[in-house]
2 protein chains.
Amino acid sequence: MRLMGVLKGQHAGYRERLIVANGLKLRAFDLGRQATSADVIYDALRDAIIRGELEEGEALRQDTIARMFNVSRIPVREAMQRLEAQGLVISERYKGVVVASLSHEQITEIFQFRALVEPSVIEMAVPLMSAKSLEQAQYYCDAFGAETDPERWGDLNRHFHNCLYVDCDKPYYLSVIDKTNDLVERYVRLVLYLTQGMRNAVAEHQAILDACVAKKPKQAAELTRQHIDKAGKTLVSYLRDHTRK
Amino acid sequence: MRLMGVLKGQHAGYRERLIVANGLKLRAFDLGRQATSADVIYDALRDAIIRGELEEGEALRQDTIARMFNVSRIPVREAMQRLEAQGLVISERYKGVVVASLSHEQITEIFQFRALVEPSVIEMAVPLMSAKSLEQAQYYCDAFGAETDPERWGDLNRHFHNCLYVDCDKPYYLSVIDKTNDLVERYVRLVLYLTQGMRNAVAEHQAILDACVAKKPKQAAELTRQHIDKAGKTLVSYLRDHTRK
DNA sequence: GTTTGCATAATTGTATCCAATCTACAATAT
DNA sequence: ATATTGTAGATTGGATACAATTATGCAAAC
């Protein structure tokens, strides 16, 4: 039974949640959080952008997208307003919106930012980390190493890191990290593809995870910092060598 | 001559910028950045929210706002989509949007986040800081101390800090800081009002500025961290004492 | 060949209209 | 009285329609 599809995805700003009524044992959803057309379209476009399925600079025509989803342009425009607010597209009046692209300098800056925030979060998370999160992290770590489908590397990488962050109990930090990663994910995926999965990343992941298991917050933070720093530098140098621009 | 009014304000996601064509010495605007109705309404609503002119939890009726700006509900809805993406309002399907409110825990978290990011930015900015920025900072610092109109304290405080950040040459950091400050600004203003301007803040501001003038990045960063930490704690304790909830 | 001047087609921005849903209050039952 | 149900008006989500602007194609002029 797929009910989640009709609720606002978490990227539209909402968490799916089961509400249990007063004395009534009934698995009820908060239908006030039903997804609008704009929600669905936002999630789909966001996904396509961060997965790199839409090229940077590619135009998003309202009418084309409206027809794809069998809706009018109104909800499409609303989705685009959100994408623009998140920095995923850029719009110019009467010209339309295009998928945002980042210069090497911008990518470098964003990785520098991640290298500041994410270590801080993992440090706070370690003391609170549940066995389940650690288990999941190990699962994603192994899966990342074993996966052969390039399309999946990006997901597994991100899931792994998320597992080590979620228990920090700092929703604002997490939302910033999420939005920040959205902006560079397409490039991360590209380089994961070009480098055939950055095999050495697995060892770094395992080292971070080990530090978490050993309840060493500072060490986990420092390893995370190094990991992000290295990933950023590798990424930009690969982009310089392997792409025009 | 006021041309800027017809351009997208920077909070709509754009910086006003003079584009000089190829070999042609001509002061030309990028007219693609003309403001739409949605841009204007977004800026106005955002402003009203962060200034605390709209109470937290207050409903924003599409029709009411549309009539105020003499437009249809369409651009109003688009503005609201952006506000929601920035976390300034919360919307529920068929119920409408309300001004977002933050719990004390959320405010605490956001100040903790600021205390991580802003010191890092000022540290990067100090070596690059222009005489003009330092001058402006001193101006706003003094103005903050001398100002008697409570409405202005919030602006002056924020302008002061901004002066010390802008030269860091890290647009992404700055955009995150800006959006983060937007979320707590209404509470900062409230407490500035309740504490009659937090007179002791002026001394802290001057100390930060002095460290910048003396080109001591680490010291400026540490003072900034303390300043934000203290401001956050003062703010939350005042909110606990002086507001219901 | 390149530039200029339209006419036309595409595309976006916004107004108007309708259907779905919520809210508030009256009507009814307990 | 209190709780429940029904209904009218308010409000939102979205489709359609139209206006404003930009992009394109093509002929005329240089």
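- Straight-line distance from the CG atom of B/Asn70 to the C1' atom of C/dA15: 11 Å, rounded to whole Å.
- Phosphate contact (OP1/OP2 of C/dT12, side-chain N/O of A/Arg61, threshold under 4.0 Å): present.
- You'll find that the side chain of A/Pro75 is closest to D/dA15, out of C/dT14, C/dT12, D/dA15.
- The nearest whole Å value for the distance from the CZ atom in A/Phe69 to the C1' atom in D/dG14 is 16 Å.
- Between A/Tyr94 and A/Glu78, the residue whose closest nucleotide on DNA chain D is further toward the 5' end is A/Glu78.
- Atom CD1 of A/Ile41 is separated from atom P of D/dG13 by 14 Å (rounded to the nearest Å).
- At least one side-chain nitrogen or oxygen of A/Ser37 sits closer than 4.0 Å to the OP1 or OP2 atom of D/dG14.
- At a threshold of 4.0 Å, the pair B/Arg93-A/Asp39 does not count as salt-bridged, since none of the basic side-chain nitrogens sits closer than that to a carboxylate oxygen.
- In this structure, B/Lys95 atom NZ and C/dT21 atom P are separated by 13 Å, rounded to whole Å.
- Between A/Thr180 and B/Tyr172, the side chains place a donor N or O and an acceptor N or O closer than 3.5 Å (distance only, hydrogens not considered).
- The interatomic distance linking A/Leu60 (CG) with C/dG13 (P) rounds to 13 Å, in whole Å.
- OP1 or OP2 of D/dG13 has not a single side-chain nitrogen or oxygen of A/Gln34 nearer than 4.0 Å.
- In this structure, B/Ile74 atom CD1 and D/dA15 atom P are separated by 11 Å, rounded to whole Å.
- Between the side chains of B/Tyr165 and B/Glu118, at least one donor N or O sits under 3.5 Å from an acceptor N or O.
- Between the side chains of A/Glu56 and A/Tyr187, a donor-acceptor pair is found at a separation under 3.5 Å.
- Between the P atom of D/dA10 and the CZ atom of B/Arg93 lies a distance of 22 Å, rounded to the nearest Å.
- As rounded to whole Å, 8 Å separates atom C1' of D/dG13 from atom CZ of B/Arg73.
- Between D/dA15 and A/Ser72, a contact under 4.0 Å exists linking OP1 or OP2 to a side-chain N or O.
- With distances taken from any side-chain atom of B/Arg77 to the nucleotides C/dT14, D/dG14, C/dA15, the minimum falls on D/dG14.
- With hydrogens and angles left out, the side-chain atoms of B/Asn181 and B/Arg158 include no donor and acceptor closer than 3.5 Å.
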